[in-house]
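A quick note: this is a predicted structure, and the numbers were derived from the prediction, not measured. Each residue takes its place number in the sequence, starting with 1.
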Amino acid sequence: MASTFYGNSATFTSTLRDRLVARIDAARADYAKWRVYRRTMNELAALSNRDLADLGLSRSMIHSVAYEAAYGK
């Protein structure tokens, strides 16, 4: 398939670069959220049942609490 560009090809290059930068930024943000999720999961899982009860949590709530901490949903 052949492509034809009308006008300035620099505009195409800059938009391509902008899209690439946006995807990289989105990937970094997603990775940071995942790290918060994993860190929260690990820290809560390391607590004893008694410590979790002091926080008002049960072991079955760890996943949902960590997910909410990372993704806010």
Next item on the list: With side chain to side chain donor-acceptor pair (under 3.5 Å) as the test, would you mind laying out the steps for Thr15 and Asp18 before giving the verdict?
Entry: CA-CA 5 Å; Thr15 58; Asp18 293 342; over 6 Å; no
Item checked: Side chain Asp51, main chain Leu47, donor-acceptor under 3.5 Å -> no
Next item on the list: Grab the two heavy atoms, one from Leu57 and one from Leu44, that are nearest each other, plus how far apart they are.
Entry: CD1-CD2, 4.2 Å
Notebook entry, point to check: How many angstroms lie between CZ in Arg38 and OG1 in Thr40, if you round to the nearest 0.5 Å?
Noted result: 10.0 Å
Note to self: Minimum heavy-atom separation for Met41 and Ile62, please, with both atom names.
What the structure shows: SD-CG2, 3.7 Å
Next item on the list: With rounding to the nearest 0.5 Å, note down the distance linking CD in Glu68 to NE2 in His63.
Entry: 11.5 Å
Notebook entry, point to check: Closest heavy-atom contact between Asn49 and Arg59?
Noted result: OD1-NE, 2.9 Å
Check: Same hydrophobic cluster for Tyr67 and Tyr31, using side-chain heavy-atom links shorter than 4.5 Å among ILVMFWY?
Finding: yes
Next item on the list: Indicate if Val36 and Trp34 have the same hydrophobic cluster label, given that clusters are the connected sets of ILVMFWY residues with side-chain heavy-atom separations under 4.5 angstrom.
Entry: no
Next item on the list: Check the angle between the aromatic planes of Tyr71 and Tyr37 and answer parallel, tilted or perpendicular using the 30° and 60° thresholds.
Entry: tilted
Checklist line | Between CG on residue Leu55 and CZ on residue Arg50, distance to nearest 0.5 Å | finding: 13.0 Å
